[in-house]
Structure formats: C-alpha cells, structure tokens
Amino acid sequence: MIIRKSPAEIEAMREAGRVSAKVLREVGKQVRPGVSTLELDEFAEALIRLEGGIPAFKGYGGFPGSICASVNEQIVHGIPSKGVVLKEGDIISIDTGAIVDGWVGDNAWTYPVGKVSPEKKHLLEVTEAAMWAGLDAARPGNRLGDIGHAVQSVAEAAGFSVVREYVGHGIGRDMHEDPNVPNYGRKHTGIRLEPGMVLAIEPMVNAGTHKTRVMPDGWLVCTRDGRPSAHFEKTVAITEDGPLILTTEEGHRRPV
C-alpha cells in the first residue's frame, strides 16, 4: 500500500532529510587514502546523534553499521570495517540514513578517493546525472516507469548498465515503503505518480554487466564481473509544484 503524505507530513520529513544530507556531506569530506570505512561509520553515527537523529541503518534487519560503505566493484550494503582501508584511485559509495521524530531520510553518494581513472570519473558523472534525470521525472501525472526510463536512458547512453535486483523505494515512517522504484522501465507505464508520494530514487550503475552477486556475509552486493559500480540517491516528495528534494540542507523544488 502506498502511503501518501500530507503537506504537513512532508514538511516534517525535511528535518530527517536535512540531517541525512548533512551527515552524508560531512562524511564525504573525510574520504581520503588511509581512512578505514569503520572510521567513516563512527564519524557518521556520532554526527547523526549530535544532530538529534538516530542512525536509520544500524540494526535494520540486523545490519551492524550506521552507513553502508561500498568500494569499487561493491554496489551496495558494504559493512563498515577497520580492515577496509581506502587507497588512492578507489571510489566509495556511502549510503546514510537518519530518523528524526519518527521520519526517515535516506541518501547516498559515490566519492572518488584522490585521483581516479577516467572510467571511474565518467561512471560517477553519469550515475549522478541519471539520478537527477530520475528525480526530474518525479512529477504528478507521470508514471513510475517514467522515472526508471529516465535513469536507464542516461546510464545506457554512456555505455553503462543499470542494476535490476536492487531498486529505490517509497519512504516515510518506515525505511522501505511501497512502491518499489526500479532504475529501468518504459515510459508511460506503471502506477501514476501523485502528490504526497515520497520516494528514494537511487540509481546503481555498473561499468560492465548489470549482473550482481551477494557475498558470503549476506549483505554486500558486488558486480558479477568485478568492474566498478556507482550509487547516488536522494529522497524526494512529489508535490503539485514538482519534485521537492528532502535530503538537502536547504531544500529546493527541482534538480539544478
């Protein structure tokens, strides 16, 4: 069941979005060669709590971290570890979420570690552009397939592939609500988008095959061919005036 939010509820979600966005930005500033993903996780948890939030991921389904930290060929759900130390040329996808007053904010970004290869740089640029295209399609009167089509078109035009098994989602008082939001699809298909729907739109784009594999810990998902992957995400509310991005420290209605 899709839970549409009232304007007042969307306004209430802004604080969870603000905290999530601030934490993601500040954790991103800590990304450098020699830092471990556990250090990033500890930094994120401390800041979430300092900002009055609760880490949304910690304990969710048994997940042990406050962030997901996924490096290079790792797509999503990387468990932070002191044994995973970033090095020059890596890319790292960091997914952060915060709960404030019972509402959840969820966002992700992929950061370069120092200077990265042209392929990785292009992958990051394209995946971010795909996210913005998906966000811009989150408008009343469009359909769910319009979001997926927008994301897929940008990614595949660059020669990259879109992950199928993992998708975006509705979000509100629960981290994952209906509907699922695939990053692929056909225009003018699927459920109609209506004001009050709040979605986490999160392209996961691979340099090679779209096929994935789950690692033995049951959490970490990697590309099947070992080539790099990028992940970008924002929480957006669909309003009569267009997309309202909630995971931002300022808030704005449209992608820029």
Side-chain angles (χ1 to χ4, degrees), residues 2 4-5 7 9-11 13-14 16-18 20-21 24-25 28 76 93 95-97 104-111 121-164 166-172 177-206 210 229-256:
I2 297 172
R4 293 171 60 186
K5 282 74 177 176
E9 288 174 323
I10 289 172
E11 187 65 26
M13 290 188 71
R14 280 180 182 258
R18 183 196 69 79
S20 298
L24 182 60
R25 176 175 60 81
V76 287
S93 300
D95 197 344
T96 69
V104 184
D106 187 11
N107 55 182
W109 206 265
T110 303
Y111 297 95
K121 183 175 184 291
H122 189 44
L123 177 64
L124 267 57
E125 292 170 345
V126 168
T127 309
E128 182 185 352
M131 177 192 69
W132 288 116
L135 290 165
D136 198 46
R139 299 176 175 278
N142 278 357
R143 292 185 177 272
L144 199 62
D146 292 313
I147 294 175
H149 178 80
V151 170
Q152 183 178 17
S153 296
V154 172
E156 293 184 351
F160 298 137
S161 66
V162 172
V163 171
R164 264 62 170 176
Y166 302 90
V167 298
H169 50 89
I171 186 170
E177 297 182 353
D178 291 333
N180 285 335
V181 184
N183 294 303
Y184 58 93
R186 292 184 294 116
K187 294 176 73 172
H188 315 309
T189 63
I191 62 170
R192 187 175 297 277
L193 303 179
E194 298 179 352
M197 296 173 66
V198 181
L199 308 174
I201 295 176
E202 51 177 322
M204 289 152 270
V205 176
N206 297 345
H210 68 83
S229 181
H231 176 208
F232 287 76
E233 175 186 21
K234 286 186 179 290
T235 298
V236 61
I238 298 172
T239 77
E240 294 283 5
D241 297 322
L244 175 63
I245 296 169
L246 300 179
T247 45
T248 173
E249 292 181 74
E250 297 176 358
H252 58 274
R253 292 207 163 266
R254 292 203 52 187
V256 293

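This chain uses plain numbering: 1 for the first residue, then up along the sequence. Worth knowing before you read on, the calculation uses all heavy atoms, side chains too, and leaves out hydrogens, waters and symmetry mates.
Residues Glu9 and Val198 fail the side-chain proximity criterion, which asks for heavy atoms closer than 4.5 Å. Inter-residue side-chain proximity for Pro182 and Gln152 is flagged as unmet; no heavy-atom pair is nearer than 4.5 Å. Contact annotation: the side chain of Leu193 approaches that of Ile147 to within less than 4.5 Å [non-hydrogen atoms, C-beta and beyond]. Looking at heavy atoms from C-beta onward, His210 lies out of side-chain contact with Val163 at the 4.5 angstrom threshold.
For the salt bridge (charged side-chain N to carboxylate O under 4.0 Å, His left out) test, no residue two or more places apart in sequence or in another chain qualifies with Arg192.
Judged by distance alone, the side chain of Asn183 and the main-chain N or O of Glu202 form a donor-acceptor pair under 3.5 Å. Thr247 places a side-chain N or O within 3.5 Å of a backbone atom of Thr235 that can act as its donor or acceptor partner. With hydrogens and angles disregarded, a donor-acceptor distance shorter than 3.5 Å links the side chain of Asp146 to the backbone of Arg143.
Ile245 approaches Lys234 most closely through the heavy-atom pair CG2-CD, 3.8 Å.
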Working for side chain to side chain contact (heavy atoms under 4.5 Å, CB included), residues His231 and Thr110: CA-CA 6 Å; His231 176 208; Thr110 303; 4.1 Å; yes
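Between the side chains of Asn107 and Thr96, a donor-acceptor pair is found at a separation under 3.5 Å.
Within 6.0 Å of the CZ atom in Arg186, the count of heavy atoms belonging to other residues, nucleotides or ligands does not exceed 12.
For residues 133-164, the pairs satisfying ring-ring contact (aromatic ring centres under 6.0 Å, His included) are His122-Phe160, with sequence neighbours left out.
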